[in-house]
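These notes are about the structure you will find just below.
Quick note on labels: first sequence line is chain A, next is B, and so on, each numbered from 1.
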Amino acid sequence: MYGKDILRLSRRKVLACTGAALAAGPLSVALHVPKSWAQAKTLRIAAGEADGATGTMDPAQSTADPDAARINLVFERLTVLDDAFAAAPQLAKSWESNATGDEWTFKLQEGVKFHDGEAFTAKHVVHTYKRLLDPKTASPGASSMAAIDPDAIAALDDHTVRFKLKTATVEFPALIANRFTYILREGQPESELRTAGIGTGPFKVKQFVPGEDVSTFVKNENYWRPGLPKVDAVELRAIPEESARIAAIESGQIDLVWDLGRAGVAGLQKNPDIKVVTTRSPFVLTLSCWADTPPFDDVRVRQAMKYVVDREQMLQLVLRGYGNIGDDNPVAPWIEYALQAETRARDIEKAKALLAEAGHPDGIDIELFTSETTPGFIEMATLYQAMASEAGIRVTLNKAPANDYWSAVWLKQPFVCSSWSGRGADDALAAPYLSTSDWNETHWKRPEFDAFINEARASTDVAKRTELYQNAQRLLREDGGAIISIFPDALSATRANISGWKLHPQQSTKDFSEVEIG
Amino acid sequence: MALISLLAVSAIIFWCVELLPGDAAERILGRNATPESLALLRETLNLHLSAPERYLTWLSNLLSGDFGTSLVADRPVLDYIASRIANTALLSGFALILYIPISIALGVITAINRGRMADHAISVVVLIFMCLPEFVIGILLISIFAIKLAWLPPLALIGQANGFGDLLRLIALPTITIVAAMSAYAVRMMRESLIEVLDSSYVLMARLKGLPTWRVLLFHALPNALGPAINITALNVAWMIGGVVVVEAVFEFPGIGRLMVDSISHKDVPVILAISMVMTGAYIATNLIADVLVILLNPKLR
């Protein structure tokens, strides 16, 4: 019996070993490892926002942050924005308009080539804009460029393009420096645009598959700006957990990250292997209420809600000082056309008096929606709750899930935390506050405000235009439903051996062409 | 029987996902959605059809072997989940290779040293790992081995691996985390059942026959003590296949669990259904294997 047992066991052992071998076989096949990356200078980037399977490289459909990073590697636009959000040339050398500002002619760079060798000419510009504005493309960017008449975009010669506008727009060159207008190669099939676009940019797509964690790009050897780019390849991935992102850069698995929280940056600043790179940004953090819904429909209530905010404290506690103070105006003071006014100081007595005047001597009870979707929302809402309570504004916080905050809460609830990426004055005012905007998050509709904006867009005289934009800001600041107390800086970090990197204050613009390793 | 379970699971999952607010079109367009672009996208994704219609289309395609196309990633589901399944299998495979000998060895050591220092020490450590959530173990391991000592990379970015050795280094920390979390139960189970067997009269008989201790342990006691441990292992394996979501998140490991979570947040129904089918299938299979093993080890059940 004993002998038999041993035999049986050993047979089982054989079976077990065979099983283990069978299991190990496919495992070793599963390792598909990219070679030849070791020698090349590869810049490894980690974004904080994970777009996962929704990722795209089609500029017309670009929504997420990693989309914008990928598109910036591969494509270029006619114009870009400088730090003050004024237009600067990229694929367009120069531009001019007629006297009324409704006809714009762009001179294009010569000698620029697409990745496949095709010369960049006016027909590609015409194709890109016609496709972008085509209702079939359903680009979320089309409405912001509705002024362009798609049938009147004309190539005057190989290097001259003319746009005719339905309404005069003096800021047109800045308006088209947005995330959707990257120039595509005419003739590339629609089906390739999501994953394998051909652009004129500093890098070419090597591999991008929506839903896979790494996308890879290689240097465009024929790039038109001499000496650029300075690395051979770029690897882009998303690491949504901030602690993981920080661990990755501290250990050298990643060279460059952004979307850092204020606490994380404070920790990184102590590490000699890391460079923290901050950029002043007009990114807007706002508390937005519906100006047509009680109790917010009374301007005195809205003003009281603004008077309770201690803006300096907001800056210190929410942003740890990494940012600038806001004055209920989405145009930051250093931006072109900004209204320069004294910041509203905290005044609890005045807030109480305004509430009493508005018929709420015992204060008001309101519900504020917040979420982790944008860093700072929770802190801002919590701090606001504490500040407001002193004036009898009793705020109940409602923390909503982050993943569908923008579809289920924003624009659906009367008092929410919201954020807007940095924009130039016109866009910052028009996108959220124009009465015709799809994203009118405060339900604030003032014909005077619309008139200021529309008139400013048509005034070719700079002084007149500045005055009109400032009038619009003044009106919004006094009467609007947005409590804008802080503009967070854009925070990023690189390994100490990386140079030439700076986050652009326009969030969707990321220029990696000058980044250098070692 | 298994097929009926699979069918039932698919219907229940589909219905649950339907109950979630919003749809894939909204999730794709996010903040930039306009009513026109939403309508257009719904049309392309066939989301304008009713829920039963969509389920039946999915089912009939599945019967002809077609798992469909991911709504969000716009690529064949099978192709999409295959690489993730391979990754998860890789991680689970390595974890299992470490887990089985470690749990058996620790179980045996604690059982034969019952009441002594070794038993107490191991039991306490095992209990600690049992109580700590995996993400805590994971973060502890990262801060010790990756940040403080800088021996191992913190994240399992397996796309960066340059050869097999590199890959082992990259997945070392997640593997250890999983093993630590899993072996706790198995060690305790192993210890209890081995103690019981060691006290039984047939083991006493074997000893009295004069057999050496290792022989008694290996050929007499262990096979009979393995039964409960195998069942625990089956549950553990099912847990691993179900995606060690938390571990995958901590180490940024591109596995099936992460994909499931992402797909649910995007409401990518074909992907969710395919992964559920794979997970259910794997669950049924591991339980079947465990039952067979237990029967093989126990002559009374044969």
Side-chain angles (χ1 to χ4, degrees), chain A residues 2 5-6 9 12 15 20 23-24 26-35 37-38 44 50 52-55 61-64 135-136 138-143 194 209-214 216 235 237 239-241 243-245 247-248 250-254 403-404 406-408 410 438-439, chain B residues 21-22 26-37 40-41 70-75 80 83 86-87 89-90 93-94 96-97 139 142-143 146-147 150 152-155 157-164 166-167 218-220 223 249-252 254 259 262-263 265-266 268 271 296-297:
Chain A
Y2 177 55
D5 240 311
I6 287 214
L9 252 175
R12 272 181 219 138
L15 275 173
L27 292 184
S28 44
V29 178
L31 317 173
H32 36 80
V33 174
K35 296 278 182 223
W37 281 84
R44 297 158 305 168
T54 59
Q61 309 298 346
S62 153
T63 51
K136 281 211 293 291
S139 167
S143 65
R194 181 166 180 190
V209 183
E212 298 299 317
D213 68 329
V214 197
T216 50
E235 229 182 73
R237 52 163 54 77
I239 304 182
E241 284 291 322
S243 60
R245 211 151 61 239
E250 287 203 290
S251 69
Q253 275 188 302
I254 293 294
N403 60 6
D404 61 354
W406 299 110
S407 57
W410 181 65
D438 285 335
W439 301 315
Chain B
E26 274 180 23
R27 304 298 166 94
I28 293 171
L29 293 174
R31 258 190 106 164
N32 294 307
T34 56
E36 301 82 49
S37 58
L40 207 83
L41 191 61
S70 158
L71 299 181
V72 181
D74 192 23
R75 46 194 282 230
Y80 190 15
S83 67
N87 288 342
L90 176 80
F94 278 113
L96 264 186
I97 291 171
I139 291 171
I142 290 183
S143 54
I147 307 287
L152 291 166
L155 304 188
L157 307 176
I158 56 172
Q160 283 188 347
N162 233 322
F164 190 68
D166 224 20
L167 185 85
L218 228 52
F219 299 135
H220 294 244
V250 170
F251 293 98
E252 290 298 321
L259 182 60
D262 289 350
S263 306
S265 74
H266 292 140
D268 197 343
V271 180
L296 278 178
L297 282 172

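- For A/Ala244, the parts lying under 4.5 angstrom from a heavy atom of chain B are both the backbone and the side chain.
- Contacts of A/Gln253 with chain B are made by both backbone and side-chain atoms, with heavy-atom separations under 4.5 Å.
- Looking only at side-chain heavy atoms (C-beta outward), A/Ile254 and B/Leu157 come within less than 4.5 Å of each other.
- Both the backbone and the side chain of B/Leu155 come within contact range of chain A, each with at least one heavy atom under 4.5 Å from a heavy atom of that chain.
- Of the atoms belonging to B/Val250, it is backbone heavy atoms, and not side-chain ones, that fall under 4.5 Å from chain A.
- Contacts between B/Asp166 and chain A at a heavy-atom distance below 4.5 Å are absent for every atom of the residue.
- Residue contact with chain B, scored on non-hydrogen atoms closer than 4.5 Å, involves the backbone and the side chain of A/Pro240 alike.
- Minimum interatomic distance between A/Arg194 and B/Val72 (heavy atoms only, all atoms of both residues): NH2-O, 2.8 Å.
- Residues satisfying the side-chain hydrogen bond (donor to acceptor under 3.5 Å, both in side chains) test with A/Arg245, not counting sequence neighbours, are none.
- With a 4.5 Å cut-off on non-hydrogen atoms, B/Pro254 touches chain A through its side chain but not through its backbone.
- Closest heavy-atom contact between B/Tyr80 and A/Ala53: OH-CB, 3.1 Å.
- In terms of heavy-atom pairs under 4.5 Å with chain B, the best-connected choice from A/Glu250, A/Arg44, A/Arg237, A/Glu241 is A/Arg237.
- For the set B/Asp262, B/Asp74, B/Leu259, the entry with the most heavy-atom pairs within less than 4.5 Å of chain A is B/Asp74.
- When all heavy atoms of A/Ala247 and B/Ile142 are compared, the closest pair comes out as CB-CG2, 4.1 Å.
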